[in-house]
Amino acid sequence: MRVWAIANQKGGVGKTTTAVSLAGLLAQNRKKVLLLDLDPHGSLTSYFRYDPEADSSGGYALFQRRAQGEPQPLHDLLQPSGIEGIDLLCASTAMATLDRQLSTKGGMGLVVADAIKTVSSQYDRVIIDCPPMLGVLMVNALAACEHLLIPVQTEFLALKGLERMLRTVSMVSRSRLGGLKHTIVPTLFDRRTRASLDTLKQLRRDYGDHVWRGVIPIDTQFREASKSATPLTTMRPGARGSRAYALLLEWLEEPELRSSQERLHGTAI
Ligand code: ADP
Ligand code: MG
């Protein structure tokens, strides 16, 4: 099981769209995927037609159980997404109160990491959609993941948000053995605009190998897909946006491919 988190301390940069798109592609590849919505706004939850205002039996309950010292299997908190192969831990607006509630309690940083372990035999991939602010939820996501994706909108103002996010990454990296692997994913790219081109150039210049070599283009079909509670990658695999996410997934999976090829090679010798 591999765990990816998607975070940026800025809203509207394509975090939820990235989570949904990668999950859709993985499910098409017959992988079992668990999506965790850790954003109290619950965009991912709403995407699959659950109501973050009405129900707090998902992520909120997970943290409450831990705070009360109760055992915390994860499976009974999960919901079907409506797409075969994808399950969901729903967010609720009540999760916005967790920071205040839990600030005095120690040991709340590994709630998600521990919970994921209880379902590790049932899923191939876990994708965590993060809130746009630093707090107990983001800290949990960063502690639980092996690879962090940071979607960055290709426009000038987005670079400020990125700096903030990267400060968070280096803070977390210091407390983790081997640091925190992270990749910047340029999103909402419009090759007709100077701002998109210049921002991309600046990202590559300033952050080098931490920037994925591709881009996610603007594609209005993402919004249409969200209306039908289906990932665009599932609904229209040939759409520009879908193809871009397919390349991103291929790149993300590459280390695994590479290591299995190395293993094969090793046995051949
Ligand atoms: P975040 O989770 O970072 O707040 P979202 O993924 O919810 O961002 O995206 C914000 C809005 O932008 C949504 O309406 C979404 O459909 C749209 N969007 C995201 N990525 C793209 C894209 N590549 N092209 C066009 N619209 C997009
Ligand atoms: Mg979101």
Side-chain angles (χ1 to χ4, degrees), residues 4-25 35-53 58-59 81 88-93 95-96 127-135 137-138 140-142 145 148-155 157-162 164-166 168 182-193 195-197 199-200 203 212 214-249:
W4 300 332
I6 303 172
N8 188 336
Q9 278 153 265
K10 191 174 183 323
V13 297
K15 293 185 291 294
T16 300
T17 303
T18 301
V20 170
S21 301
L22 292 176
L25 288 162
L35 278 173
L36 304 185
D37 190 355
L38 292 192
D39 183 354
H41 287 122
S43 312
L44 183 60
T45 300
S46 309
Y47 196 104
F48 293 110
R49 302 292 178 269
Y50 291 97
D51 183 1
E53 303 279 345
S81 70
L88 179 66
L89 178 75
C90 290
S92 58
T93 45
M95 282 161 65
I127 301 178
I128 310 175
D129 190 17
C130 291
M133 58 278 192
L134 181 57
L137 293 164
M138 171 96 81
N140 265 271
L142 299 187
C145 75
L148 168 68
L149 300 181
I150 310 173
V152 174
Q153 187 174 356
T154 43
E155 56 148 52
L157 284 176
L159 296 178
K160 276 268 166 278
L162 174 61
R164 223 174 333 137
M165 186 65 224
L166 290 173
T168 303
H182 61 279
T183 301
I184 294 165
V185 178
T187 58
L188 290 146
F189 182 75
D190 183 352
R191 65 191 155 83
R192 295 163 307 177
T193 68
S196 266
L197 292 166
T199 312
L200 184 62
L203 279 174
W212 175 52
V215 291
I216 305 297
I218 288 206
D219 188 337
T220 51
Q221 297 185 86
F222 280 113
R223 202 157 296 153
E224 287 161 37
S226 70
K227 284 186 204 142
S228 57
T230 308
L232 178 62
T233 45
T234 310
M235 200 171 89
R236 293 219 186 92
R240 256 172 358 128
S242 299
R243 283 186 281 129
Y245 275 113
L247 289 174
L248 175 62
L249 180 64

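Note that ligands are numbered from 1 as they come in the structure, with each ligand's atoms numbered from 1 the same way. Values below: all heavy atoms of this structure, side chains included; hydrogens, waters and symmetry mates excluded.
For Thr230 (side chain) and Ser228 (main-chain N/O), a donor-acceptor pair under 3.5 Å exists by modelled atom type. Thr187 places a side-chain N or O within donor-acceptor distance of the main-chain N or O of Val13, the cut-off being under 3.5 Å. The main-chain N or O of Thr45 is found under 3.5 Å from a side-chain atom of Asp37 such that the two form a donor-acceptor pair. For Arg49 (side chain) and Tyr47 (main-chain N/O), a donor-acceptor pair under 3.5 Å exists by modelled atom type. When atom types are taken as modelled, the side chain of Arg240 and the backbone of Ile218 share a donor-acceptor pair closer than 3.5 angstrom.
Between Thr18 and ligand 1, no N or O atom pair is found at a separation short of 3.5 Å. An N or O contact shorter than 3.5 Å is missing between Gly11 and ligand 1 by distance. Geometrically, ligand 1 and Ser43 share no nitrogen or oxygen pair separated by less than 3.5 Å.
Counting only heavy atoms of the protein, atom 6 (O) of ligand 1 lies nearest to Thr17 OG1, 2.6 Å. The nearest heavy-atom contact from the protein to atom 8 (O) of ligand 1 is Gly14 N, 3.0 Å. When only non-hydrogen protein atoms are considered, atom 10 (C) of ligand 1 lies nearest to Gly12 CA, 3.9 Å. When only non-hydrogen protein atoms are considered, atom 7 (O) of ligand 1 lies nearest to Thr16 CB, 3.9 Å. Remark: minimum distance from atom 25 (C) of ligand 1 to any protein heavy atom is reached at Asp219 O, 3.2 Å. Nearest to atom 21 (C) of ligand 1 among the protein's heavy atoms is Leu188 CD2, 3.5 Å. The single protein non-hydrogen atom nearest to atom 11 (C) of ligand 1 is Arg223 NH2, 4.5 Å, given as residue, atom name and distance.
Contacts between Pro217 and ligand 1, counted as non-hydrogen atom pairs separated by less than 4.0 Å, involve the backbone only.
Short contacts between ligand 1 and Phe222, defined as distances under 4.0 Å to a heavy atom of the residue, involve ligand atoms 21 (C), 22 (C), 23 (N), 24 (N). Less than 4.0 angstrom separates some heavy atom of Val13 from each of these atoms of ligand 1: 1 (P), 3 (O), 8 (O). Residue Ile216 has at least one heavy-atom neighbour below 4.0 Å for each of these atoms of ligand 1: 23 (N).
Note on Thr17: not counted as a metal contact of the Mg ion (ligand 2), no N/O/S atom lying under 2.8 Å.
Of all heavy-atom pairs between Ala244 and Pro217, the closest is CB-CD, 3.4 Å. The shortest non-hydrogen separation linking Ile6 to Pro151 is CG2-CG, 3.6 Å.
The shortest side-chain heavy-atom distance between Thr18 and Ile216 does not fall under the 4.5 Å cut-off.
The number of heavy-atom neighbours closer than 6.0 Å to CZ of Arg223, taken from other residues, nucleotides and ligands shown, is 12 or below.
Thr154 and Thr199 form no side-chain donor-acceptor contact under 3.5 Å, judged by distance and modelled atom types alone.
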